[in-house]
Amino acid sequence: MGGSPHKKKVLTYADYDIWRTTSAVTLSHDGKYVAYLIGAENVDGEAVVRNVASGKEYRFPRGAVGALAAAPKFTPDGRRVLLPLAPTKAEVDKAKADKLKADEMPKPALAIVDLATGTESEKISGVGTFQVAGEGAGFLIFRKPAPAPETNKTDTTAAPGKGPGKGTGKGPGKGATKDGPATPDKTGSDLYIRDLTSTVDRTIANVTEFSLSNDEKTLVYVVAAKNEEKNGVYALNPRFGTAAVPLKAGPGRYSGLTWDEKQGKLAFFYDDSTVPSDTVAPPPRPAGTPVGTTVAAPAGPPVPPRWRVFVWDRVARSEPAQAARVPLGAASAGFGGLVATAVSVNAPFTHASALAEVFSPATLGLKKGWALQTTGLSFSQDGTKVFVSTAPERPAASSAVVTDDIQLDIWHWKDAAIQPMQKIRAAADRNKTYGAVVLLDTKEFRHLSDDALTVQQPATGDWAIATDDSKYRHMTGYASPVPSDHALVNIRTGEKKLVLTAAGFGVNLSPNGKFLLGFDGKDWVTFSVPDGKKTNLTSKLPVKFFDEDHDSPSEPGPYGTGQWTTDGQFVLVSDRFDIWKLAADGSGAENLTKTGRTQGIRFTLLRPRSPEERTVERGIDLAKPLLLGAHNRATHDTGFYRLEPGAAPKLLLMGARAYGAPTKAKDADVYLLTVQTFSQYPDYYVTTPDFHELRRVTDINPKVKDYNWGTAVLIQFSSTDGDKLSGVLIKPENFDPTKKYPMVVYIYERLSDSLHQFRVPNVVRGQVINPTFYASNGYLVLMPDIAYKIGQPGQSALKCVLPAVQAVVDKGYVNERAIGINGQSWGGYQIAYMVTQTNRFRAAVAGAPVANMVSAYDGIRWGTGLPRQFQYEKTQSRIGATLWEAPMKFIENSPVFAADRVQTPLLMIHNDQDDAVPWYQGIEYFLALRRLGKEAYLLNYNGEPHNLAKKAPARDFAMRMFQFFEHHLKDKPAPEWMEKGVPYLDREKEKEQWKKLNGTGK
């Protein structure tokens, strides 16, 4: 006899934290293994390694999510994987119980795992940043924040000396892997290099920053030691035991290691401000002190840095001979013996003539009173220019205490930015830097940007785009975007050619520097360089290239960005469905995908690459097959097509789910991608380029199957104005069409694209319902699309939402007396308006609603200091006019002027530190409803912004909102806070009672 079917659980508050997330999912170079980190909030997780073919897994305990977020790395030969493991909670708790000192506490570790057996061959403690490179077994480079143990290592540092120092991770420079600098004036920490065929480490002390070239033949690093004579920038070949060569060494500070794209040049900063001058006599020696005693200089104000830029030409070096290719640590005499052998064969670098100082405080052309800043250092794509940042020397802020000071803001009608904006931007303005360039061929320096002009860095050639919005900055707050003038500027000669005036769109240089490309709100246009000739590329084509669903009073954007071909002669752009190839000079156009419009499929171009691939990929090569992403705009099915040169797209895979963009194994045609639906977590799958078979390689949340989850279906409806629209309807997993269900409607703008989105049943912001949680608890959830008419935002919402609700009601399974609605911000406004026009909803929850467009129009977005006028004139609020041009439109669309019509119980949340919608908007509406005797509640989480940022208040509101809907839609008893309110003096008491009720109290 068969047993009774397993009854699935209903989601509760207690289930918020059980859902796991994954990060750092990594394929081995050969695509045969996948490794990833997994965990849930505030609990220990695991590092998982899986054999793709057999499905066999190895799991290793690690600390909570967020701790040591570095990705696993496989060795080049695919035989081992290195897993970053944070200390587990048990290890940390034990250390605390044992009262260990801070430096004795458990540290992050790096586990080296044999893939054939799943055994952990070694665990290196205290590892921070690490990298695996090379061939075969490869080599490992890693950092430790504390001094390394003395056992089983040979110190071959180029600059002896150790210090506690600390380094912070920093993203790669141009194509190179780079570790960040230490805090200025601090010593570095140990850097280790290990040949992974051994366990011997080569240790380099006091390293603050390092960078490995793309070909993995050159490791460059910065030393900051207590003995400043050891400071400098050094280079070595990490695959050999050769000694490091100083590119520049001696007292001073070094930082900013930056490669050019071809890895032939390296730039870095050097500051000699702390180095005593040979021309200045030392302080006198006090009487009685021995001759030779170092005497400190008298204390004075801090000396400003004197930054210089050096460029090393890596091409002017010699490679180690192949005979010296001995694995690190293999010599019987230890690492020292290996170094001696390798150096005697061939030193890795010659550098005396390869290093040049290209910028100094005395550089000709530098404005008087200006200095180099270390906020920017980069090469042009062709390696002929170095771009730097400069700024005027600014006096240090006064620390004097003024007792009779007044604080006064003077708002002036001619100010380009109002006072709140100036206040928020003060630190950025105070530290603003300006672009400049060093021309390496002529050793000339040029200032580029200033307070009015911003000059983009050209990838190649001498012509750049300069943008000047100085004449239009006073429009900030009501123009969107603020217009700008654009000109071509020759950064070598200073020649300037105006291209666009008062333009509301930007332009960018093509990679080869021969064209500017922009989208003017209707068409794609180019400007030839340097003559500035304008060509409209799309005006004569039979399709539109602007977003046809755009329904706000601003210019529409394009369907995606333009992408250049490798030869720079063509740009690829999209219409609503297809991808077009446009000649940059306007001489021709071709629909590459051809069939998108007839199939109702929108194609996008995908470029699967390995995350470990460091080379820069420039342009699209149309001579090669291309992978296309596909999205059926009617059904929201997604998939992939292959586009062969000259052929129509070939279907590879299509389905009712959301496929993620694939990445690729470094050395194999193996793709890794996510697949998700409303009820299927976005787990990872591997496949080949033909997508014939997808093999699942993760199961992040197996507990999903234990719960009554939900299913999502697409519904179709027509607005009152006749617009054909869609919506997402979510039903409980155990849905019975013969029953009547309560329904909650969630609104914003267009939401049907989220049909296949998996939603973890926890609280992120709190002000919006979680569809999964509500479906599990027996609700239908409807998320309809809304199409807007300019000047009628409130009525537009009403004309779309009510027909969508009716379309579901007509199916026969909705309890019409139990329909609620929820929205936040713009959604909150629409709800506040709709309840003045309809009694369709039994209960409504509006987050941060605008109640009075008249007062909100001249309000301020306090997070940015920006006036709110632009929202009504140009963007989301969609009035399309000023208050004095169309006062009745502002009044007609303002809920507060019709508050007497409200009959729907309304729960609002509006926090006193709202940084987007002034919280007095919620107060205005609440006071009007209170005055009218309407059922209304206003919750203000003290100190919280527009979207609840902290976990506790977010969960608190989510639970109260659920109680509100349970009472009004399911006739559950009203909680005490709804029945009686909470007096101010009882807030703490209620808080403790609430904690016990919702399970967060002890």
Side-chain angles (χ1 to χ4, degrees), residues 505 517-526 536-564 570-583 586 588-607 620 622 626-643 647-652 654-656 658-659 661 714 716-719 721-728 748-757 784-790 796 800 878:
F505 64 96
L517 176 68
F519 186 81
D520 66 6
K522 184 178 180 181
D523 289 300
W524 286 98
V525 295
T526 56
N536 192 313
L537 305 183
T538 56
S539 61
K540 296 180 180 180
L541 297 177
V543 295
K544 296 180 176 65
F545 290 85
F546 59 86
D547 181 1
E548 295 159 83
D549 291 331
H550 182 80
D551 52 15
S552 71
S554 57
E555 293 289 346
Y559 290 109
T561 59
Q563 300 184 70
W564 290 92
F570 300 92
V571 62
L572 306 185
V573 302
S574 297
D575 67 18
R576 190 180 184 92
F577 299 99
D578 289 300
I579 299 172
W580 290 72
K581 170 189 168 185
L582 309 177
E590 178 187 357
N591 184 340
L592 290 179
T593 52
K594 301 178 180 63
T595 62
R597 185 168 296 270
T598 56
Q599 297 183 84
I601 290 175
R602 185 184 177 197
F603 291 115
T604 54
L605 191 60
L606 301 176
R607 304 171 75 180
I620 308 296
L622 294 180
L626 300 175
L627 180 65
L628 303 177
H631 176 201
N632 186 303
R633 294 183 65 93
T635 66
H636 298 293
D637 289 0
T638 68
F640 303 97
Y641 280 68
R642 177 77 62 193
L643 181 63
K650 177 184 177 182
L651 174 64
L652 301 175
M654 201 80 180
Y659 292 101
L714 197 67
Q716 309 293 334
F717 66 97
S718 294
S719 73
D721 289 333
D723 295 314
K724 302 296 183 183
L725 298 170
S726 301
V728 177
Y748 194 73
E749 291 189 355
R750 292 179 184 261
L751 299 171
S752 61
D753 280 354
S754 66
L755 174 64
H756 298 306
Q757 179 183 341
D785 288 343
I786 301 173
Y788 298 92
K789 299 293 187 293
I790 306 305
S796 295
C800 295
R878 294 178 169 89

Let me confirm one number: the [atom1]-[atom2] distance from [X] to [Y], rounded to the nearest 0.5 Å.
X      : Y      : atom1 : atom2 : result
Leu725 : Asp549 : CG    : CG    : 9.0 Å
His550 : Glu555 : NE2   : CD    : 7.5 Å
Glu590 : Asp578 : CD    : CG    : 11.5 Å
Ser539 : Asp523 : OG    : CG    : 5.5 Å
Leu626 : Leu572 : CG    : CG    : 8.0 Å
Leu605 : Leu643 : CG    : CG    : 8.5 Å

Heavy-atom distance under 4.5 Å between the side chains of [X] and [Y], does that happen here?
X      : Y      : result
Arg597 : Asn591 : no
Thr604 : His631 : no
Glu749 : Ile786 : no
Lys789 : Asp723 : yes
Ile601 : Tyr641 : yes
Asp551 : Arg750 : yes
Leu652 : Leu627 : yes
Lys544 : Tyr559 : no

Would you confirm whether Asp547, through its side chain, and Pro556, through its main-chain N or O, come within 3.5 Å as a donor-acceptor pair?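 No, because the side chain of Asp547 does not come within donor-acceptor range (under 3.5 Å) of the backbone of Pro556.
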Measure from the side-chain N and O atoms of Arg633 to the backbone N and O of Arg602, and report whether any donor-acceptor pair falls under 3.5 Å.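 Not a single qualifying donor-acceptor pair exists.
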Among Leu582, Val571, Val525, Val573, which residue satisfies the side chain to side chain contact (heavy atoms under 4.5 Å, CB included) criterion with Leu517?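 It is Val571, the one option of Leu582, Val571, Val525, Val573 that forms the side chain to side chain contact (heavy atoms under 4.5 Å, CB included) with Leu517.
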Among Phe505, Trp524, Phe546, which residue satisfies the side chain to side chain contact (heavy atoms under 4.5 Å, CB included) criterion with Pro558?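 The side chain to side chain contact (heavy atoms under 4.5 Å, CB included) with Pro558 is passed solely by Trp524 among Phe505, Trp524, Phe546.
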Considering non-hydrogen atoms only, spot the tightest contact between [X] and [Y] and give its length.
X      : Y      : answer
Phe603 : Ile579 : O-CG1, 3.7 Å
Ser754 : Val728 : OG-CG2, 4.4 Å
Phe717 : Cys800 : CE1-O, 3.3 Å
His756 : Thr635 : NE2-O, 4.4 Å
Pro542 : Trp580 : CD-CH2, 4.5 Å
Met654 : Asn632 : CE-N, 3.8 Å

For side-chain hydrogen bond (donor to acceptor under 3.5 Å, both in side chains), just list the numbers for Ser752 and Asp785, CA-CA rounded to whole Å, side-chain angles, deciding distance to a tenth of an Å, and then say yes or no. CA-CA 6 Å; Ser752 61; Asp785 288 343; 2.7 Å; yes
